[in-house]
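Down below is the structure, laid out as structure tokens.
Worth saying up front: this structure is predicted, and the values here are computed from it rather than measured.
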Amino acid sequence: MKIKKLSIMFITFLLTLSCFQLNQLNTFAEDTDTGPSIEDVGYYHKPTKDVKKFFGIWLTTGFALQPKEENNVVVGDTITLRTDSARSAVYAAATLDRWARYQWYQYKPDDGKWTEVSKADGGKSENLTITGKDANQTTFYQLQVQWIGIIPNPFAKKIYSHVAAVHTVPYPVDGEKMSIRTDDDYIYSTSFDMAATSTYAHADVIPENYTGNVTWSVDDTSLATIDEDTGLLTAVTKKEVQGTVTVIGTLHNPTGDDIQATTKVHVGQGLEDQEVKAGQKATFAIQGNLGDLEDIDDDGDDGDEGGDDSGGSNQYTVKWYRDNPDGSRVQINKDDEINGSLSVTTDPTTMEDDNQSKYQAVINVKLGVINKSYTTNKATLTVIPDGSPDIKIDNSLDNEDYNDDLDYDLHLFGVNENDTITRQSTLTNNSGTGILNNATYHEPVRENSTVKSVTLDDNELSDDEYDIVSNTKDNTKEVVIPNLSFSTKQSHSVKVSTKEGSVDQKTTVHTTPYIKGQVSSPDDYQMEGSQGVITYLTNTLQMDVEDIDFGTITPLSANETIYRPDELNEPKNIVEIDDQRRNKNHTEVRVKQNDNLLNDDSVALLGSLNFVENGNTYDLFDNDQVIQATNQGNSVPSIGWSKENGILLHINNNNLASGTYKTSLKWSVVESI
């Protein structure tokens, strides 16, 4: 049997040993007590149900912005709990002379009860600013909002926010990752109060105990503006405003670099233009999170004077209109107005009857005696000729140097450096009426691969007959073949061969070939093939070995076995192994102790490291011990042990000198070939 050493890794074992004249030594442990949670303390008052809306109409009273539930502040710094609340349309109409009164309540675990936050501490404000005082303390807060008038009314409506926890921490913590989201992905650029013209942005940060602050901005203030602190995104209310605004969240870390994340929100007036081929149908749908006009009785659970119910006489009507190309205007849903569809789908379209027609909706909402209405913009229907081409791309992948059992036409596994990958595609125009001119074929490949050859219709192209264009966004580049044309029922075949570059980690690359061309204007036609997937492996076996610290040892430990701490036992792995070999031969993982356990004064510990397996003990000192063996064809798994097994320390003598003892282990992987 021939033995091949794949890799050798060195690991340092730390053994902390201190001696005193007394029979015990100091120990250290991390305090993992995180204190009570929101679930533990409950609430001052049951939080009010989530707000119900229809379009931009508030059907119930509640919060548009809840205080952030988990907050962290460094001692001496401040943090603000921000809120936004409003009355339902019915309640607001009935109580025009009232205003909101705010009262924050707090729960301190040491007190064990909810108390009012004083006015001096901001307890009467909509937003509560809190200064971190005592480290490792948590205080819980809940906001009560009541709409009061000149004449006091103890039964006036009250609503209650979610409970927010504020953890005071001794040190700042940077955020590492952030994503942002908005409550709505569409807001209205209209002055109608029925339409939702604003929405809140929120940041989700990892780790959750970060202590930085997030500020907000947008890329185009002609479409919408945003409050830098609260994240309230508000559309610019002008008739001509329509487009997509990018919302940017910036996390200002206390010690590290700032990080950013973005999301997009569309701004418009309800309907979007549509383009279809002749013979197809088009659908116009009112945009935004519209909600449902349903039973809005709040069951009297929030202490209001009669709730938000409007008496049950709630309904809406929607009228759909079409402006024909000849200038005439017709209503197209006369029999389906009441609680009707918020979208409309055309019949199969024709160039003569439908091109450049316009669609518009008028919505009227009745809540008891309240009536509100909204008229959308006019959205244009563009019908393009039905003589377009119908290109189908039939593509596949092949590794000329290695076949994995899992490979199939569109997914290759175990691809390594220097493998030759061939991408083959057949492009067929299935249309009997449409043609494609001035087309380019795009075949994405991995950025560090080398193009060996490009073949079109069995003819190998010279370097000046195709282009290579980098795409830094996804670490790929494209082989671009220009000047293709397709008559009816015509096909082209393409083959691109590449030599793969270095592979330093396991990665999976997804690529999709596509074709672009001209039907009536440049690049107005595009069609994609099937997505191809290549999984790259390093063809190596990689090990990552944990240090083991046996903790603090007392002189009473003589002739005892010292076990690893619990956090280094199963399910924790001491040796993490990533086996990316193509050919998995019989393999052994071995370990040997090179030197004695020595302290800084070169005094040897009268003890030894042993490998224990199912009651059998093996001395590791100068002994190359097999820890694990795997059979042919099997991956080498990671290694972890129960408390009684694995590498343990045995103390032989109680004549212990104070100090930190260390040694190194020689790990090796031996493969049979």
Side-chain angles (χ1 to χ4, degrees), residues 43 45-69 82-96 98 100 126 142-147 156-163 181-188 190 192-202 230-235 265 270 285-318 338-343 361 363-374 376:
Y43 42 72
H45 188 283
K46 181 180 179 181
T48 303
K49 293 179 180 178
D50 291 340
V51 171
K52 297 178 182 178
K53 295 182 182 180
F54 185 66
F55 279 81
I57 303 173
W58 284 56
L59 302 178
T60 59
T61 298
F63 289 87
L65 179 64
Q66 293 277 4
K68 188 168 175 283
E69 293 192 5
R82 303 184 186 278
T83 70
D84 186 7
S85 56
R87 292 171 289 176
S88 71
V90 172
Y91 184 59
T95 57
L96 290 175
R98 297 190 185 180
E126 181 178 20
Q142 187 177 25
L143 175 63
Q144 170 192 283
V145 184
Q146 184 178 31
W147 277 268
K157 172 180 280 293
K158 297 176 184 177
I159 61 171
Y160 295 86
S161 71
H162 295 165
V163 175
R181 53 189 166 81
T182 54
D183 292 333
D184 303 279
D185 58 8
Y186 190 101
I187 55 177
Y188 282 70
T190 174
F192 285 81
D193 64 355
M194 175 175 156
T197 59
S198 63
T199 189
Y200 276 98
H202 307 275
T230 66
L232 179 62
L233 179 73
T234 304
V265 175
I286 302 174
Q287 301 296 300
N289 297 333
L290 304 181
D292 294 313
L293 191 64
E294 56 185 10
D295 181 9
I296 56 174
D297 185 9
D298 60 11
D299 299 325
D301 68 350
D302 58 356
D304 65 24
E305 43 191 24
D308 290 324
D309 191 7
S310 58
S313 56
N314 305 319
Q315 69 176 33
Y316 72 89
T317 61
V318 56
I338 298 177
N339 295 339
S341 175
L342 298 175
S343 65
I363 306 99
N364 182 269
V365 178
K366 185 176 184 297
L367 301 173
V369 297
I370 297 176
N371 283 280
K372 290 180 175 289
S373 64
Y374 177 69
T376 71

Closest contact, heavy atoms only, [X] versus [Y]:
X      : Y      : result
Val163 : Tyr43  : CG2-CB, 3.6 Å
Glu126 : Ser85  : OE2-N, 4.1 Å
Gly368 : Asn314 : N-OD1, 3.6 Å
Asp183 : Ala64  : OD2-O, 4.1 Å
Pro47  : Ser161 : CB-O, 3.6 Å
Tyr188 : Ile286 : OH-CG2, 3.4 Å

Could you state the interatomic distance from [atom1] ([X]) to [atom2] ([Y]), rounded to the nearest 0.5 Å?
X      : Y      : atom1 : atom2 : result
His162 : Thr83  : NE2   : OG1   : 12.5 Å
Ile159 : Gln146 : CD1   : CD    : 10.5 Å
Leu233 : Thr197 : CG    : OG1   : 9.5 Å
Arg82  : Leu232 : CZ    : CG    : 11.5 Å
Tyr374 : Met194 : OH    : CE    : 9.0 Å
Lys52  : Asp292 : NZ    : CG    : 9.5 Å

Near-ring test Phe54/Tyr316, centroid separation under 6.0 angstrom: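 Yes: the rings meet the under 6.0 Å criterion.
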Ring-ring centroid check Phe192 Phe55, cutoff 6.0 Å: no
Residues which pass side chain to side chain donor-acceptor pair (under 3.5 Å) with Asp84, listed by chain and number, not counting sequence neighbours: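 Partners of Asp84 by the side chain to side chain donor-acceptor pair (under 3.5 Å) criterion, ordered by chain and then number, come out as Tyr200.
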Short side-chain to backbone donor-acceptor contact, Gln142 and His45, under 3.5 Å: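 Present.
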[X] side chain near [Y] side chain, heavy-atom distance below 4.5 Å:
X      : Y      : answer
Ile338 : Thr317 : yes
His202 : Leu65  : yes
Arg98  : Arg87  : yes
Thr199 : Asp185 : no
Val90  : Ile370 : yes
Ser88  : Thr61  : yes

Worked check of side-chain contact (heavy atoms from CB on, under 4.5 Å) between Thr60 and Lys49: CA-CA 9 Å; Thr60 59; Lys49 293 179 180 178; over 6 Å; no
Audit row: Asn364, Asn371, side-chain contact (heavy atoms from CB on, under 4.5 Å) steps and yes/no: CA-CA 7 Å; Asn364 182 269; Asn371 283 280; 3.6 Å; yes
